[in-house]
Structures are given as C-alpha cells and as structure tokens.
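See structure below.
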Amino acid sequence: LQVITRLRTQKVYDAIIVGSGASGGMAAKELTERGLEVLVLEAGPPVVPERDLNTHKWPYDSMYRGLGPPGWKQREQWMEDTAGEFSRHFYVKDTEHPYTTDAGKPFMWVRARIVGGKTLHWGRMSYRLSDLDFKAASFDGFGDNWPISYDELAPYYGKAEEFIGVSGSNDHLPQLPDGNYMPPMNLNCGEYLLRDGAKKTGRAAIPMRVAMLTGPPKPWMKGRNKCHYCGNCGLGCDVGAMFNSLSSTLPVADATGRMTLRPNSVVREVIVDRNTGKARGIAFVDRETRDEYEAFGKMIIVAASTLESTRILLNSKSRQHPNGLGNSSGVLGHYLVDHWGGMGAYGYFKVFVGRDAVNEDGKASGILIPRFRNISKETKQQRFIRGYGFECGTGGGLFPGFAKSALMTGFGSDFKARVRSFYTVGVGMTARAEMLSRFENYAEIDPGGVVDAWGIPVLKIHAQHSDNEREMARDAGECSAEILRAAGAEVLQTGGNMTVPGRIIHELCTARMGDDPKHSVLNKFNQSWDVKNLFVTDGAAFVSSACQNPTLTILALTMRACDYAADEYKRGNI
Amino acid sequence: VPSRNQGEKARISPGPKRAVTVHSIAALSEGRDFVGRFDVSGQHYEFTYSPVKAEIAGNKLVLVGKMTITGADGKPHSRPGIRAVLASTQGGIGSPPPTLGGWRQSAPVAIPPSGKVGDTRPAPAEGAAQTPPPATDNTGSSAFCGVMYFHLEGLEGPSLGVPADLSHTQLNARLFPTEDLGRKFHSAYSLLVATLSEGDAKTVGELIEILNQLMKEGSQAFASSPAGWSLVEMSPPDAAPGR
C-alpha cells in the first residue's frame, strides 16, 4: 500500500461538488444561489473557447472528412461516430483511463473529462419520464419502482426546462408528459412524410424536444444566443444556443461569488471522518503535476457521471465502510444499464432526388416516435416488457454523413454535384430502448489490480443484454421498416445489431435510490442512506432507465436534491 | 461563452513531493512487440516490449521478454527477462481480427431472476418467431480482446535510464495491429483470453504453443494453419443503420 501524506488546510467549504457536467454544474448553481460556498472539482482541463470549440469549422477545414486520422479511435478510445476530428479533445483516451471487461463482453465507456463534461457535446434531447416509468414495476412486475412519482418531480422538470431552454411541442401523450417549451424546430419535408407514415401505422411522431434556444434568451441566460442553425452542436456550441454547463449553470454559480472551480482534479476517494463515518472531504491528484491534495467540505455532492461516481465511492473504503462508501446494501455498482440502439432502418425518399434543400441544412434535430409498446392494455406485448422509441432524421447536415462514407466516393465538382443531388433524400430511424435494470449487470473495482495513469484503481464492467432486449430489438427492426415504407421511402436496410452496452452513453442506475436502505444506496432525495452528508446526483441514482434520454431527469433530480440538501444543511441536519 | 474562474485553483497546498511513479504505460501491438511512449517530468521516453516466450502460471498468461527504453538522448537501454503478467482485459469494439478456428459463441443470457420475490418476465408466446433475435455488436462470433493489461515485473527505472519508480508499472497493451503477423497474434491472444476464462486447459495449452511458435518464427509461422486450427477471415459486424 502506498501511504499518501496529505496536507491539511483550514478552509472548509459548505459543499464540495465532484464533476462539472450536467449534474455538477446544476448543483453548483443551485447551492451557490442558496448561499452555500462550494468547491467544484473537475478531473479534466478548463475550456478555452477560441481553442477548443470548433463550432464554425467548415468541412474544407477538415483533413479527414471530419472523421479524424485513420485508426485513431481504435488506438486511443472507441467512440464510433460520437467523436470526430474537431471534438476528439473533449474525450478521454482509454490509454490513460483504462477500464476492464470480461472477454467477449465489451462495454463502451465514453467519458469527457473537461470543464462542462459531456454537456459540451450531448444530444440535447430533453424528455420527461412519466409514471409509466417511475412506477414501471407496478405495471409489469419486473424490478423496482422509483421512490418518487411523476408529480413529485414535475415541478423540477418545469424549472429545469425553463432554466436550460428546451424547444419542443406539447403533444398530450401520457407516456411523454408535456413541459415548458420554446417553439419547436420546424419539420423538414422528409420529416413531414415520416410523421405521416408513423401516423398511418398508428404511432405518434413529434418534433424532438431539444435543449436549444429557438426563442429569445430569457433574462437569466446571460451570454447565450438563439440557435442560428449552423448544425454543429456536437462541437461545443460557442454561441451558447445549446445548453451546457459552460454557458449556462457554471456562469450563474460563478456570478454569486461563492464558487471555486478547480480543473485538473482527479478524485481518488472521499475522505471519511474516522469517528463519525461521515464524509469530510475529497482526496485528489492534480492531473498534470501529479501532486496529491485534500479538500474539505461539510457536504459532498458526487456528480462525476454514473460510473465514475460509482468508482469513486467503491474506492472510498474505510473501517466504517469496508465495501465502499454508502454501500451497506451491497448494491452499489449493480443494476447497471445503458439504453441501446442500432436497431432501425434507413432508406431514401426517391421523390426528393435532385431537389434543393429548404431547411435541411443546419437543423440539428429531427423527430421522435415516442414509445408505443406496453403503454396500455391494447399495446401490451407478449414477448417483452417495457418499450422503445425511434429517433428519426431526414436530409443532410452541414457535412452529411453519407458524403463521409463509402456510399459516396470521389472528389471535386462531380462529387459536390452528386452530394447536392442526394442531399435531402436520406431518412433513418434508430431505436432508443430500455435495458432492464438487473442486479447481474454491474461494475466493480477491477479484481486484477488495474489502475489508471494516476494509480487509481479502475472499474471492471459487466454488462450484457438479456432476452428481453433481444426480443424488443427484433420488434424494433420490424416496426422501423413498416413505418419507413408507410412513409413512402425506399428501404435500403433494416435490422442491424444492438449497440454495445455503453455506446448510447446513457449509463445509469449503479447507485440507485429507493425506499429501503437494504436494497438501495440513496433515499428519494439522492442522499446516501449510510452517510447523511453525501449525495449522488447524476445518473447513478436512477432506478430504471425508461427509454427517454436521461439528462433532463438528471437535472431535475439534481435541483430537487439540492433543494433538500440546502434546507437540511441550514437546519443543521447535515 | 464565459470562462471566468476556470483556471483558478483552490487555495489548497499540495502534499509533500513524492518520488515520481509511473503507474502505467500504453502500447500498441506491432508484430509480436508492444510499442509505446511515456513521459516522466516532461521528458519523453519510447519503449518496446518484445516477448519471446508465453506461458501459463496460476491460470494467468505470462509473457517473458525484453524491454527497451529510449530517452531523449536517443540511447536505448534494454533489459531481458521482464515478466508481464496478465491482470485483466478489455473486450474489443469494432472490426474483429481474423481468428484461428473461429470464436466460440458465448451462450445467450436469459433474464435471470433478480433474486427478488415477485419479479416476473413474460413467457414466450406460442408459435413465436423462430429466427434468432438480433445480436449485440462485438459479442458472440464477433467478440475479441481489445486491450490486455499486464503487470510488469523486474523493471528498474534507473537501470533503464528513467528517473522514476517503474517497479509497479502496468502495461496497457492495445491490440490494433495493422500487419499480418500482428493480426495472427491478435487472434491468438483473443482466443487465449476467452479460453482462459472458460477453463479449457487443453485448448489453452495449444494456444500457448501457437503463441510461442509465432514469437519464435515471426511472420514465417503458420503460412498454413496450425494443426487443428484454421485461419478464418471474420466479417465485421453488420453496420447499424441510423446511428
């Protein structure tokens, strides 16, 4: 064992927040606005906008058609199309940040260690869960209900939507509750056809609800601007039209004068008071200098992303918490899920060949076909429980995907003419589906003793799809082709493979909340059952994933947790 | 975009300076070798680990070979007999290598009971479709080993020209070969890792022999397939639409 001598300091913060992404940024805003002095520790470097955000790079600035040097993903980090030539610096390299799996059971753990975290390049889709999700176990008997209902979270959903700015429409679907929206983005021609095709098959199709400003910024959105449809949201959005921590929550926290943000702080463990068993600080190492530090706080908010938070807690072993901090239940790390995708269909609308683009260029959203399976007696399935939706898009973006692929080769004016000819014809839909939250899928500290570049033990991840996911995937493949054909598209491919767990970057549920301390890590306010001054506010707190994108729920849960934590802190209960 | 306060460090003093420890070094496979670079106190070092022998000890793969480290002065320092003990692995993602004899199909996972009373799952309907349900990328027949993590034994920083503690250094060996010999090694390592987890001692022994022959003969080995094995070019997993 290495003995680390830590220098003790006088400063004790009201709260230390680990992570500056969606949850960490929101926690910083919420707590500083309530008068608490916080220290935010971020493992990655700070962002220099003019250097790091490449939102307005043009395709001709790319040496590699936006894909990056050949082989770099396999050499450094498997991220498929998540990262590209102009965004690769947002992501960690697996070579420095290892994790392990069993042979033949891969997991794609995509991580963004940088101030702002994954909000710098997230998909922006912002959907509420409903009681069909919060109380799913009551509907189908599998797993556990959440300890909260939709009504308890709804006010926080509303506040989150209002603060971050979400464009969308109220569609009156019970499985996808409405919210406080800016105007939806207009559909393009292909999306209208697809919406009609979905309708013919009895399914709804709605404009995606995305965290992008389609109206004038509200007074609290200082420095943010209305979306100007450049279409490069994944490269950081240097105008602040899409929500991210960098442009939205962290500036508000900073303006209070009560936030200190320390980048390059790789957390080793939560420090525990030997007498009380309560959390009293964070031990971390400087990413660049490798110097070891300690920081102290009266309350610890772990918001480092689902699996990283889990790793920190599992690595925080002590006499009082021999199985990891807050793990008296033994379920910390278990019930891991990720949404899955990959299944779907794509094709083209022949009628659009040679047509000029209208609003396809730069529209960085599409339509959603919300869950339509197992939402009522009439839609109950015999072969699987829970459900999935389809994320759908038509037409090309600023740099259309097909022009980067083997489907379209060549160069020069002929190449450009052919790209233009097919620019608006493409149509694709891919499932976003629930993976059942099962105890058997879990993360643990690697038993082989593997460490990262800073000597911190890494996770070994065990995650496999079950029969339920496979049967749902079969259904998704069939339904997607049916909808495309009903829309009048020529179908080029249906089916496919399910994505590797982790690929959708919606890993959740490893420090689940619940009503029973014996079967959950957190109570319904994201507070550790075992350690009163410890909160976990990211996706780890989920009980199940539903099939909606999770970030909005993470933000709402964080706001609710901070509301509770600040009150308890002021009452002297923490 | 605001950037205030982002560079500000908390007023916390660091703990006392400790000797520099290199916790891990990352390498890519090239033929039989693992080649990479690392930094110590701002100085760059390039290294090559060349295994010459593979064996099994305690159900773990152990490689024995020479470590060569070259610093900024361009002078190489080598030490033979460095043991690399396989500590853990990472399943590969992307295109699988050609495999020796094909990958063993892992059994599909049925939903197990979660151990809680009341958990149910729907029973398959009568007359259910007989076609197999979709697979998950890089599992089953398209699974392979992507990274092997070794604990290196016998490394001494000063004797290799590195002013750092290398006594507990880990080798992160990423398998992304771009030439034929490397692909053969990749296949053999992938199969061996899978077989070790299955506890098939006989096949493990055969694969160790194959690895040793590859190490000894290099690209000349297995111009034809080893006895009992056939080199099969695997198809990459189906492209998933709409991603």
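Protein chains get the first letters and strands the later ones, always in sequence-line order, with residue 1 at the start of each. These numbers come from the heavy atoms of this one structure, side chains and all, not from hydrogens, waters or symmetry mates.
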Donor + acceptor pair across side chains of A:D446, B:S88 (<3.5 Å):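 Yes, a side-chain donor-acceptor pair sits under 3.5 Å.
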Go through the atoms of [X] and report whether side chain, backbone, both or neither lie under 4.5 Å from a heavy atom of chain B.
X	answer
A:W454	backbone
A:F107	backbone
A:E50	neither
A:D475	neither

Who wins among A:T101, A:L492, A:V458, A:V40 for the most heavy-atom pairs under 4.5 Å with chain B?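 Going by pairs under 4.5 Å, I would pick A:T101.
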What distance do [X] atom [atom1] and [Y] atom [atom2] have between them, rounded to the nearest 0.5 Å?
X	Y	atom1	atom2	value
B:I25	A:T95	CD1	OG1	12.0 Å
B:N138	A:T499	CG	OG1	11.0 Å
B:L28	A:Q74	CG	CD	10.5 Å
A:Q464	B:T139	CD	OG1	7.5 Å

Residue, of B:G146, B:A135, B:S41, that accumulates the most heavy atom pairs under 4.5 Å with chain A: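 Greatest number of close heavy-atom pairs with chain A: B:A135.
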I'd like to know which of B:S197, B:A87, B:A26 tops the heavy-atom pair count under 4.5 Å against chain A.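 The option with the most such pairs is B:A87.
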If we only count heavy atoms from C-beta on, is the [X] to [Y] side-chain gap below 4.5 Å?
X	Y	value
B:R174	A:D94	yes
B:P134	A:M343	yes
A:D467	B:P133	no
A:R75	B:T178	yes

Short question: side chain of A:Y99, backbone of B:Q90 - any donor-acceptor pair under 3.5 Å?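 Flag not set: sc A:Y99 to bb B:Q90 has no pair under 3.5 Å.
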At their closest point, which heavy atom of [X] faces which heavy atom of [Y], and how far apart are they?
X	Y	answer
B:A143	A:G104	CB-CA, 3.4 Å
A:V500	B:D137	CG2-O, 3.1 Å
A:P501	B:T136	CD-CG2, 3.9 Å
B:Q170	A:P98	NE2-CG, 4.2 Å

Taking atom CD as the centre, does B:E156 end up with more than 12 heavy-atom neighbours from other residues, nucleotides or ligands that are less than 6.0 angstrom away?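 Check fails, neighbour count at 12 or below.
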What part of B:H168 lies closer than 4.5 angstrom to a heavy atom of chain A: side chain, backbone, both or neither?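 Contact with chain A involves no heavy atom of B:H168 at all.
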